[in-house]
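Whatever order the structure lists them in is the order used to number ligands and atoms, beginning at 1.
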Amino acid sequence: MNRKFIRGIRRKHPWDIAENEVTPEAVFRDRRRITAMLGLGALSASLPGYVQAGIFDLFGEDQPLFATRALNFTVNSHYQTAEQQTPYDKVIRHNNFYEFGTGKQDPFENAQKLKVNPWQLNIEGLVDKPLTLDYDDLYKLIPLEQRIYRLRCVEAWSMVIPWVGFPLAALLKKVGVSSKASHVAFETLFDPEQMPGQRNPLMGGGIHYPYVEGLRLDEAMNELTFLAVGLYDQTLSPQSGAPIRLVVPWKYGFKSIKSVVRIRLVDKEPPNSWHQLVPHEYGFYANVNPEVDHPRWSQASERRIAAGGLFNAKRIATLPFNGYGEQVAAMYQGMDLRKYF
Ligand code: MTE
């Protein structure tokens, strides 16, 4: 007999975290409020998280998938890993992109019609030569390379993803950073007509939009910090942050802001959306750190999403700086990482 099944019920793995443990408290409370409003309270309380998310998709419609296209790139052999990659199908169906809903499948279901061409990315602020990149420039201004990185979400799941893009430092060098700049601020598209979570606070998780993020200048210039325009050999799908998103592999995933329209060089620490929403749970630095737990769950380990279902995902130990300490630890020498979490 399969020991996982006792009296016909699949035994919970120790890592089967309840949704109220990993969903930010404010968002979880809002969901309870909507289901109550819709008279679904008793029903939804007894349902698993993914079914609850489905309730919020009742008003969605069937639509064709966004068309991606193949990209030309070189493989950067410095940034590879022998770890099993997360299958494409999982990478594009398990997402956090609250502009399209707070459920993990909501971005896949609600983002397919996002218009990404034309697009404009402005690089401005404390720079010598401000620059506006149009859609086509994103793919040809800087030679594209592939890098395989681990992505560790603050919710304790992780993936291994072959990104295609270019280092942020290469773009910053093109605009010339002023000596007055100390930080870089990033901003996602603000378009409530296209992004239902921006016009409906309950769907958008209470975030004050546009979604914003920030890095210290040395972090932005670090060799690992990457602007992705594709994954698995093709352009990004909207749910992954098309047409261009940040990837900062040693930090929790919320730093990796999607669908970026503005990069601004500034002279003080810029705001970041999750810190604004719940300051005692999400910091500015957000460096992956197995020794500093989230107030509501442990960060010592993670579920690696690979082949197979989410809940068959292997539980593995979380590494300091997500395993990239050699490249980044020196930037934080002498800092109390419990205080600057
Ligand atoms: N960017 C925007 N604009 N909106 C978001 O909700 N979610 C963040 C980050 N970037 C988010 C975002 C979080 S919490 C994570 S874990 C990653 O995107 C998830 O990236 P993925 O969906 O490609 O795995």
Side-chain angles (χ1 to χ4, degrees), residues 22-24 26-27 66 68 85-111 114 116 121 149-165 185-192 194-198 201 203-215 226-232 235-263 271-278 281-283 286 288 294 299 302-306 310 313 322:
V22 294
T23 305
V27 175
F66 179 90
T68 59
Q85 291 172 31
T86 304
Y88 182 70
D89 193 50
K90 295 253 161 37
V91 176
I92 62 158
R93 282 169 192 266
H94 177 99
N95 298 100
N96 278 334
F97 200 170
Y98 277 29
E99 286 85 336
F100 295 101
T102 57
K104 291 288 173 279
Q105 294 183 38
D106 290 352
F108 175 83
E109 285 169 18
N110 300 330
L114 180 71
V116 303
L121 168 61
Y149 281 159
R150 293 175 286 277
L151 175 84
R152 168 55 157 89
C153 178
V154 74
E155 297 165 333
W157 53 264
S158 63
M159 296 189 182
V160 177
I161 303 175
W163 300 106
V164 178
F186 303 84
E187 194 178 306
T188 292
L189 177 71
F190 183 69
D191 187 347
Q194 291 202 78
M195 296 176 149
Q198 292 183 336
M203 195 170 171
I207 288 178
H208 179 71
Y209 291 104
Y211 191 100
V212 290
E213 256 307 334
L215 293 173
F226 202 58
L227 282 169
V229 295
L231 58 85
Y232 271 109
T235 52
L236 292 177
S237 292
Q239 63 270 32
S240 297
I244 186 162
R245 59 96 53 92
L246 187 67
V247 182
V248 195
W250 73 95
K251 292 180 179 283
Y252 292 122
F254 66 84
K255 299 296 289 182
S256 293
I257 181 173
K258 296 180 172 180
S259 304
V260 178
V261 292
R262 195 180 316 282
I263 298 178
N272 60 313
S273 288
W274 277 102
H275 178 67
Q276 281 179 324
L277 186 67
V278 198
E281 294 194 352
Y282 308 98
V288 175
H294 185 281
Q299 293 293 24
E302 66 205 48
R303 275 178 296 149
R304 173 61 55 82
I305 301 175
L310 174 62
N322 202 20

Listed partners of R262 passing salt bridge (Lys or Arg N to Asp or Glu O under 4.0 Å), at least two apart: E124, E187

Non-neighbouring partners of K255 that pass salt bridge (Lys or Arg N to Asp or Glu O under 4.0 Å), sequence neighbours left out: E213

Under 3.5 Å: donor-acceptor pair, side chain of T86, backbone of V160: yes

Neighbouring protein residues of ligand 1 - any heavy atom closer than 4.0 Å: N95, N96, F97, Y98, E99, L151, C153, W157, T188, Y211, R245, G253, F254, S256, I257, K258

side-chain hydrogen bond (donor to acceptor under 3.5 Å, both in side chains) against Q239, all qualifying residues, sequence neighbours excluded: Q112

Validation row, ring centre Y98 to ring centre Y211 under 6.0 Å: no

Pair R150 + E302, salt bridge at N-O below 4.0 Å: no

